[in-house]
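Any value given below was found using the heavy atoms of this structure, including those in side chains, with hydrogens, waters and symmetry copies removed. We count ligands from 1, going down the list as the structure has it; atoms in each ligand are counted the same way. This one's a predicted model, so the numbers in the text were calculated from it and none came from an experiment. Positions are given from 1, in the same order as the sequence printed here.
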Amino acid sequence: MKHQENITLVFATRNRHKIEEISKMLVTHQMEDLLLMQGLDAIGSQEEIPETHETIIENAIEKATYIAEKYQVNCFAEDSGLEVDALDGAPGVHSAHYAGPHRDDDENLDLVLTRMEGLKNRSARYRTVIALYLDGSIHTFEGTVEGKITDARIGSGGFGYDPIFIPDGYDTTFGVLSPEIKNKISHRYVATQKFLTFLRGKFGT
Ligand code: ITT
């Protein structure tokens, strides 16, 4: 039987919602002792982390690599976005700043609603990639959740585009559904499950 170790990884993000959701998943998977997650504050990082690519996977790898190499730590980063089919996959990799560089969730969401006015095809998905930088190697874990875009915002829970996204199999948005439900079906859940399975295989029992 393999001996259980624990591993400390910096989570290279400034998005508190991502930290909150993944922390809850660690508890649900009883992984909070195996994976000790550190914030950027713990390593004294205050700078903006570069995200210069046009794909989610490349940005996730860029963020993880930047922090790992600059601070000489093992770390993971996550890049995510909403892909709307009728908008040719927008806002996609630009989700956080779709309505402008000031990165306002409400304005981003309103812009999607405006651009979708009158459009019949409402299908969309959230996509995320977690990039893990571990001892010089990169590993990536992807998750998606399919759904559709509403005509108007419903609810105020979650963050980002949650009040206009209805996941398949449900009749209301992530803005109304509980965090427990979101954390059981979301793109972040799917990717985190793969990530934790990898860590468990490497470090767990
Ligand atoms: P970091 O780069 O510091 O991690 P960020 O918010 O800039 O934080 P991204 O570049 O990955 O992160 O942008 C993700 C955006 O996609 C996020 O700001 C939301 O607008 C949207 N998004 C991602 N996951 C979401 C979710 O679960 N619910 C709602 N919106 C989400």
Side-chain angles (χ1 to χ4, degrees), residues 9-25 37-41 43 45-67 75-84 87 89-113 124-133 140-150 153-167 170 173-192 195:
L9 295 175
V10 173
F11 187 7
T13 182
R14 301 208 185 281
N15 184 320
R16 67 182 172 83
H17 302 285
K18 293 182 179 180
I19 296 175
E20 209 175 295
E21 289 187 1
I22 292 185
S23 300
K24 283 188 181 151
M25 291 173 204
M37 207 161 72
Q38 268 187 341
L40 288 169
D41 288 349
I43 54 169
S45 160
Q46 284 172 351
E47 76 278 44
E48 199 157 317
I49 305 174
E51 285 182 61
T52 61
H53 296 282
E54 283 299 316
T55 63
I56 284 176
I57 185 166
E58 286 173 297
N59 278 343
I61 292 172
E62 182 177 29
K63 289 189 269 191
T65 304
Y66 173 87
I67 290 296
C75 88
F76 69 101
E78 191 242 44
D79 203 63
S80 47
L82 176 72
E83 299 173 350
V84 180
L87 301 179
V93 73
H94 302 293
S95 292
H97 54 91
Y98 191 43
H102 47 291
R103 305 164 71 96
D104 185 284
D105 276 0
D106 286 330
E107 286 183 33
N108 290 337
L109 171 163
D110 284 337
L111 185 56
V112 170
L113 288 179
R125 73 204 51 76
Y126 277 127
R127 182 185 306 281
T128 189
V129 173
I130 294 174
L132 166 67
Y133 184 109
T140 57
F141 310 93
E142 181 164 347
T144 57
V145 57
E146 298 287 331
K148 56 181 186 289
I149 302 298
T150 53
R153 62 175 71 209
I154 306 174
S156 56
F159 71 102
Y161 300 89
D162 284 344
I164 59 167
F165 183 84
I166 300 180
Y170 292 81
T173 67
F174 274 150
V176 174
L177 295 168
S178 68
E180 287 71 27
I181 291 178
K182 182 179 178 192
N183 288 339
K184 252 187 238 167
I185 62 170
S186 76
H187 53 317
R188 192 158 291 107
Y189 167 75
V190 174
T192 301
F195 173 44

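- Y161 is not listed as a side-chain neighbour of V84, based on a closest heavy-atom distance of 4.5 Å or more.
- In summary, of the residues considered (T150, I149, L177, V176), a side-chain contact (heavy atoms from CB on, under 4.5 Å) with I166 occurs for T150 alone.
- Here NZ of K182 is found 10.5 Å from OG1 of T173. Values are rounded to the nearest 0.5 Å.
- Looking at atom 16 (O) of ligand 1, its nearest protein heavy atom turns out to be S95 CB, 3.3 Å.
- Of the listed residues (R127, H97, K18, R16), the one carrying the non-hydrogen atom nearest atom 11 (O) of ligand 1 is K18.
- Taking the side chain as every heavy atom from C-beta outward, Y170 and I181 approach each other to under 4.5 Å.
- Of all the atoms in ligand 1, the ones that sit under 4.0 Å from a non-hydrogen atom of E51 are 2 (O), 7 (O), 10 (O).
- Between F141 and F195, the two ring planes are tilted [angle within 30° to 60°].
- Nearest residue to atom 18 (O) of ligand 1 from S186, A60, A96, P91 is A96 (criterion: closest heavy atom).
- Between F11 and F76, the distance separating the two ring centers is shorter than 6.0 angstrom.
- Remark: among candidates R103, R14, K182, the nearest residue to atom 5 (P) of ligand 1 is R103, based on non-hydrogen atoms.
- Put simply, the residue from E48, E51, E78, E47 that forms a salt bridge (Lys or Arg N to Asp or Glu O under 4.0 Å) with K63 is E51.
- Here the protein heavy atom with the shortest distance to atom 17 (C) of ligand 1 is F159 CE1, 4.2 Å.
- Under a 4.0 angstrom heavy-atom cut-off, H17 registers as lying outside contact with ligand 1.
- Every atom of ligand 1 is numbered from 1 in the order shown, and the set under 4.0 Å from a heavy atom of K63 is 1 (P), 2 (O), 4 (O), 10 (O), 11 (O).
- Of all the atoms in ligand 1, the ones that sit under 4.0 Å from a non-hydrogen atom of D79 are 9 (P), 10 (O), 11 (O).
- At the shortest separation from atom 8 (O) of ligand 1 among protein heavy atoms lies N15 CB, 3.4 Å.
- Short contacts between ligand 1 and G81, defined as distances under 4.0 Å to a heavy atom of the residue, involve ligand atoms 16 (O).
- One N or O on the side chain of Y126 and one on the backbone of D162 form a donor-acceptor pair closer than 3.5 Å.
- The side chain of Y126, and not its backbone, has at least one atom closer than 4.0 Å to an atom of ligand 1 (non-hydrogen atoms only; side chain from C-beta on).
- The line from CZ of R188 to NZ of K18 is 6.0 Å long, rounded to the nearest 0.5 Å.
- Of all protein heavy atoms, the one lying nearest to atom 24 (N) of ligand 1 is R188 NH2, 2.9 Å.
- Looking from atom 1 (P) of ligand 1 to the surrounding protein, the closest heavy atom is T13 OG1, 3.4 Å.
- At a cut-off of 3.5 Å, with distance as the only test, a side-chain donor of E54 or H94 sits close to an acceptor on the other residue.
- Ranking the protein heavy atoms by distance from atom 20 (O) of ligand 1 puts Y161 CE1, 3.3 Å first.
- The protein heavy atom nearest to atom 14 (C) of ligand 1 is S80 O, 3.3 Å.
- Note that the CG atom of D110 and the CG atom of D104 stand 8.5 Å from one another [nearest 0.5 Å].
- Close approach to D162 involves these atoms of ligand 1, each under 4.0 Å from a residue heavy atom: 26 (C), 28 (N), 29 (C).
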